[in-house]
A.B. asks: 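Take this structure, written in structure tokens, and hold onto it; I'll ask about it next.
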Amino acid sequence: MNTKKFEQLAANWTRLRNLPSPMDFEGDYQYVKRSANDAPYRGAEKTPDNPSRKAVLRVSNPLPVPSSCNICGELAVRVGTHGEVYGREYSDWPYVYLCECCGSYVGLHPFTAIPLGTLADRKTREARKSCKEPFERLHRTGVMSREQAYAWLAKAMGIPTGECHFGWFTAEQCTAAKDLCLGRLSHKR
């Protein structure tokens with residue numbers, strides 16, 4: 001990575017830590033600037049340090065911005081791009097949180113600075129992918145609705161329904177969720 005790009009990312013990360021909360025958007029819904037040096041005016045290009053207020057408010061159960069990596073424990077998490085992770089940009093919102101030490105990453109909700117889940121290494125990403133399919137079959141085959149499936153899985157795993165998100169699971173939790181879903185599917189046949 002060249003020096004200029006690194007300095008730009010470091011500046012973005014510093015501003016990202018001082019993002020307004022959703023409560024700052026109440027009232028007349030004008031973007032609230034905390035100081036003259038903070039995020040640009042409301043109509044400026046959207047970036048993680050200048051998120052869309054509507055997109056921020058759409059996220060019903062946001063995780064906090066990671067300050068350290070949940071995989072290696074280092075304080076080396078920064079905003080990166082799909083280009084750094086995948087070699088090219090894949091969407092209109094090509095941002096990720098990326099650990100510079102172990103390479104774990106997680107995407108951001110579109111047009112926000114809110115992570116989609118927790119940072120994940122290759123093992124965790126593969127586990128999340130593999131457990132999602134049996135879960136999806138629970139509600140796609142009519143065994144239960146999507147909401148019922150999440151409520152059932154949360155209860156079976158002993159976690160609150162609001163914390164039952166595959167993007168929040170560890171590799172071990174993914175294995176447990178997959179086994180539970182496959183067991184439930186085999187009992188319905």
Side-chain angles (χ1 to χ4, degrees), residues 1 4-26 29 31-34 37-129 131-132 135-136 146 150 162-171 173-174:
M1 173 185 313
K4 184 176 180 180
K5 182 160 182 136
F6 180 78
E7 290 171 355
Q8 184 181 18
L9 288 170
N12 285 346
W13 179 249
T14 302
R15 285 192 300 270
L16 184 61
R17 290 180 174 265
N18 297 318
L19 283 175
S21 73
M23 301 311 292
D24 291 336
F25 297 108
E26 290 184 343
Y29 293 96
Y31 187 84
V32 176
K33 291 175 70 172
R34 295 188 181 226
N37 296 331
D38 278 349
Y41 64 92
R42 181 176 166 194
E45 179 184 359
K46 300 304 177 201
T47 63
D49 62 328
N50 182 35
S52 161
R53 61 184 169 77
K54 288 181 182 178
V56 168
L57 293 172
R58 268 195 301 263
V59 179
S60 61
N61 201 1
L63 276 176
V65 170
S67 58
S68 64
C69 179
N70 56 294
I71 303 296
C72 69
E74 294 294 324
L75 298 172
V77 179
R78 65 174 176 81
V79 174
T81 65
H82 288 170
E84 294 174 74
V85 175
Y86 308 116
R88 70 180 188 97
E89 308 301 328
Y90 277 96
S91 70
D92 292 338
W93 196 248
Y95 300 103
V96 297
Y97 287 112
L98 175 65
C99 176
E100 293 184 313
C101 291
C102 69
S104 297
Y105 62 90
V106 65
L108 279 66
H109 282 277
F111 305 102
T112 75
I114 301 168
L116 289 166
T118 58
L119 291 162
D121 56 5
R122 180 179 300 270
K123 175 185 168 190
T124 307
R125 286 191 303 275
E126 292 302 321
R128 288 175 181 173
K129 288 176 193 173
C131 73
K132 190 74 172 175
F135 175 80
E136 293 293 328
R146 187 176 185 86
Y150 272 111
E163 293 176 15
C164 191
H165 299 281
F166 289 96
W168 297 16
F169 288 175
T170 63
Q173 287 175 308
C174 289

A.B. asks: Could you give the distance from NZ (Lys129) to SG (Cys174), rounded to the nearest 0.5 Å?
C.D. replies: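 So the NZ of Lys129 and the SG of Cys174 are separated by 12.0 Å.
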
A.B. asks: Is any side-chain heavy atom of Pro115 closer than 4.5 Å to one of Pro66?
C.D. replies: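 Contact flag for Pro66/Pro115 side chains = yes.
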
A.B. asks: How about Cys69 and Cys102: do any of their side-chain heavy atoms sit closer than 4.5 Å?
C.D. replies: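 Result yes, sub-4.5 Å side-chain heavy-atom pair found.
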
A.B. asks: Hey, what do you get for SG (Cys101) to CD1 (Ile71), rounding to the nearest 0.5 Å?
C.D. replies: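 That separation rounds to 12.5 Å.
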
A.B. asks: Roughly how far, to the nearest 0.5 Å, is CG of Leu108 from CD1 of Ile114?
C.D. replies: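 Spacing of CD1 (Ile114) from CG (Leu108) equals 8.5 Å.
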
A.B. asks: Which atom names give the shortest non-hydrogen contact between Arg125 and Ala120, and what distance separates them?
C.D. replies: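 Looking at all heavy atoms of both residues, the shortest contact is NH1-O, 2.6 Å.
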
A.B. asks: To the nearest 0.5 Å, what is the distance between NE2 (His109) and OG (Ser60)?
C.D. replies: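 His109 NE2 to Ser60 OG: 8.0 Å, rounded to 0.5 Å.
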
A.B. asks: Would you name the heavy atoms of Lys123 and Ala171 that are closest together and state the gap between them?
C.D. replies: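 Looking at all heavy atoms of both residues, the closest pair is CE-CB, 3.8 Å.
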
A.B. asks: Got a donor-acceptor contact below 3.5 angstrom from the Arg128 side chain to the Gly167 backbone?
C.D. replies: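 Here the side-chain-to-backbone pair exists.
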
A.B. asks: If every non-hydrogen atom of Leu75 is compared with every non-hydrogen atom of Ser68, which pair is closest and at what distance?
C.D. replies: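 Heavy-atom minimum between the residues: CD2-CB, 3.4 Å.
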
A.B. asks: Begin with the C-alpha distance, continue with both residues' side-chain angles, and end with the deciding distance and a verdict on ring pair (Phe, Tyr, Trp, His ring centres under 6.0 Å) for Tyr97 and Tyr105.
C.D. replies: CA-CA 5 Å; Tyr97 287 112; Tyr105 62 90; over 10 Å; no

A.B. asks: Could you tell me if the side chain of Val56 sits less than 4.5 Å from the side chain of Phe111, heavy atoms only?
C.D. replies: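 Of all side-chain heavy-atom pairs linking Val56 with Phe111, none is under 4.5 Å.
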
A.B. asks: If only atom types and distance count, is the side chain of Glu84 paired as donor or acceptor with the main-chain N or O of Thr81 below 3.5 Å?
C.D. replies: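 A pair under 3.5 Å: yes.
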
A.B. asks: CZ/Arg146 to CD/Glu136 distance, rounded to the nearest 0.5 angstrom?
C.D. replies: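 Arg146 CZ to Glu136 CD: 4.5 Å, rounded to 0.5 Å.
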
A.B. asks: Is the ring pair Trp168/His165 parallel, tilted or perpendicular, if the boundaries are 30 and 60 degrees?
C.D. replies: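 Geometry flag for His165 against Trp168: tilted rings.
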
A.B. asks: His82 versus Val96: any side-chain heavy-atom pair under 4.5 Å?
C.D. replies: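 They are in side-chain contact.
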
A.B. asks: Using a 3.5 Å distance criterion without hydrogens, assess whether the side chain of Trp93 forms a donor-acceptor pair with backbone atoms of Thr112.
C.D. replies: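 Present.
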
A.B. asks: Measure across Cys131 and Phe166 and return the closest heavy-atom pair with its distance rounded to 0.1 Å.
C.D. replies: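 That closest heavy-atom pairing would be SG-CD2, 3.2 Å.
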
A.B. asks: Between the side chains of Thr124 and Asp121, is a donor N or O closer than 3.5 angstrom to an acceptor N or O?
C.D. replies: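 Side chains of Thr124 and Asp121: pair found under 3.5 Å.
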
A.B. asks: So, do Pro48 and Tyr95 sit near enough that their side-chain heavy atoms are less than 4.5 Å apart?
C.D. replies: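 Answer yes - side chains close enough.
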
A.B. asks: Considering non-hydrogen atoms only, spot the tightest contact between Lys46 and Ser52 and give its length.
C.D. replies: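 The pair with the smallest heavy-atom distance is CD-N, 3.9 Å.
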
